[in-house]
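Okay, so here's the structure we're looking at.
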Amino acid sequence: MRVLRRTLGTLLLLASVASCATARGDDAKPGGPRPAAPAGFGQLLPAPASVRASGSGHVLGPGTVIRTGRTGDAEVRRVGEILAGQLRGPTGLPLPVVDAPGGGGIELRLDAAAPDLGDEGYRLESGPRAVTLTARTPAGLFHAGQTLRQLLPTAGAGTIPGGTVTDAPRFAYRGAMLDIARHFFTTEQVKRYVDQLAQYKVNALHLHLTDDQGWRIAIDSWPRLAEYGGGSEVGGGPGGYWTKDEYRDLVRYAAERYVEVVPEIDMPGHVNAALASYAELNCDGKAPPRYTGTRVGFSSLCTGIERTYDFVEDVLAEVAALTPGRYLHIGGDEASATPAADYAEFMDRAQQAVARHGKTVVAWHQLAGARPAPGAVLQYWGHDRTGAAEKERVAAAGKAGHPVILSPADRLYLDMKYDAATKPGLSWAGYVPVRRAYEWDPGAYLAGLPAGAVLGVEAPLWTETVATREDLEYMAFPRVLGLAELGWSQGPPDWAEYGPRLATQAPRMEAQGIGYHRAPDVPWQTRR
Ligand code: TNX
């Protein structure tokens, strides 16, 4: 398999237009000289499960239409409209969306019976008459559209190469996390990140909404949390918070791009902003000042008073009501100011509150040392130097049925510096060059964790040192493409194949104005 994957690029270049090249399967072998297939398929990121290049492609032109829905399905229509919006700029074509199937052009088709495509998979068939996107779900059609985008040049109308892509993800959960607590970001800035992520088939956005330095989401029953607790951030800037309407609008925007928002209220530590907002939440009845430094692990909710649990209930009830998604993240990390027994009792009650509101708990993996509720999802953020006992606890929880999201800090923490020259960022988990972020196998990462317990992967971006859109994009790109690849494509990783393919994304990132890091370990082909 490893050898076959290494030859992916070669296979796709050598594949006969009439013969079959399965991207990661074993029925394609490099043979003698063959006509070159269009390069587009070999550049797809994440790599699709299978590609068969055949015949001539589909030329887009001024008359091309996007056709949706045999049934006039409104959601498919919306997927078609979003795709049209994404294609009009680069192609310069009008691309009207019409509800008239079967006439050629770009056709979106739901097929409830499509075998093997799963909840997010799709098939893309391209020939002279039409490019047909087929999926069992609108999400699958959306992902197919993102593949189609990558098969076109970054500017100009162009030709979609002829052939068939059949594709489905390796992991159900492919996430990115953004910390808007240490530095505030607007919902418009986050929408831009959603667009950037969704094009690479990332399907979860975890929002770290609260921390010592700021509380960023309006809570009607405890209004000072946002109004006062939102007014600070690292370095002493003004901070800010999102109204419920702004939050709902962002959640809807993400959902339309098949990105599920996972809100996090971090507890019982990381709560200075809440303690500063309400004196009654403090054991001594005194509110501390707001905090603008970068230390962690110094604050705790007062686990011995009932008012704390009113707070937990009220906040989780309001956040659950804002959340159409399945998950509520309750943090649980670095609670070093909370005694272990109090931590376990607190997390029991917080988990019960999440369940009462019909949501599934996600928590940082420290919950494995307490009592994770049935079905609770654990997010592992350890690294190579994490102690064996801690890793074993997470593996045991996985064996006991807890799904695990993998966010190894020395692989996927987007706030780690690439190398010594990186200006923003931290380095407590070491430097994370692009190659290191990619070159590990989530299915075989934690000893003793069954592959089936891995729900997926997530790349967190903590923002103690990241204050602007420019720094955000610089730290995330291109490493977050490695996350997308690990989450979607079949493993194990193969840098020799992936590195050059990643390099082909440079013009796309540039065309979108993404200020990515021109990392020295990537074999970039284009000049700036
Ligand atoms: C650890 S990861 C934290 C965060 C910091 C981050 C900085 C985790 C659950 N907690 O509070 O922002 O390191 O890299």
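When a ligand or atom number is given, it counts from 1 through the structure's own listing order.
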For [atom], what is the closest protein heavy atom, and at what distance to 0.1 Å?
| atom | result |
| --- | --- |
| atom 14 (O) of ligand 1 | Asp415 OD2, 2.6 Å |
| atom 1 (C) of ligand 1 | Glu334 OE2, 3.4 Å |
| atom 2 (S) of ligand 1 | Tyr413 OH, 2.3 Å |

Check: Taking the non-hydrogen atoms of Arg182, is any one of them nearer than 4.0 angstrom to ligand 1?
Finding: yes
Checklist line | Identified side-chain hydrogen bond (donor to acceptor under 3.5 Å, both in side chains) partner of Asp410 from the options Arg436, His383, Arg385 | finding: Arg436
Item checked: Parallel, tilted or perpendicular, as decided by the 30° and 60° cut-offs, for the rings of His365 and Trp381 -> tilted
Next item on the list: Using the six-membered ring wherever Trp is involved, compare the ring planes of Trp364 and His329 and label them parallel, tilted or perpendicular (cut-offs 30° and 60°).
Entry: tilted
Indicate yes or no: does an N/O atom of [X] lie under 3.5 Å from an N/O atom of ligand 1?
| X | value |
| --- | --- |
| Asp179 | no |
| Asp333 | yes |
| Glu464 | yes |
| Trp462 | no |
| Trp428 | yes |

Check: Are any of the side-chain heavy atoms of Asp167 and Trp488 separated by less than 4.5 Å?
Finding: yes
Say whether [X] and [Y], considering side chains only, have a donor N or O and an acceptor N or O under 3.5 Å apart.
| X | Y | answer |
| --- | --- | --- |
| Gln196 | Gln512 | no |
| Glu458 | Tyr173 | yes |
| Gln150 | Gln199 | no |

I'd like to check which ligand 1 atoms, numbered from 1 as shown, lie under 4.0 Å from a non-hydrogen atom of [X].
| X | result |
| --- | --- |
| Trp364 | 9 (C) |
| Met416 | 14 (O) |
| Leu426 | 7 (C), 14 (O) |

Margin query: If you take the centroid of each ring, where Trp contributes its six-membered ring, are Tyr418 and His517 closer together than 6.0 Å?
Written below: yes
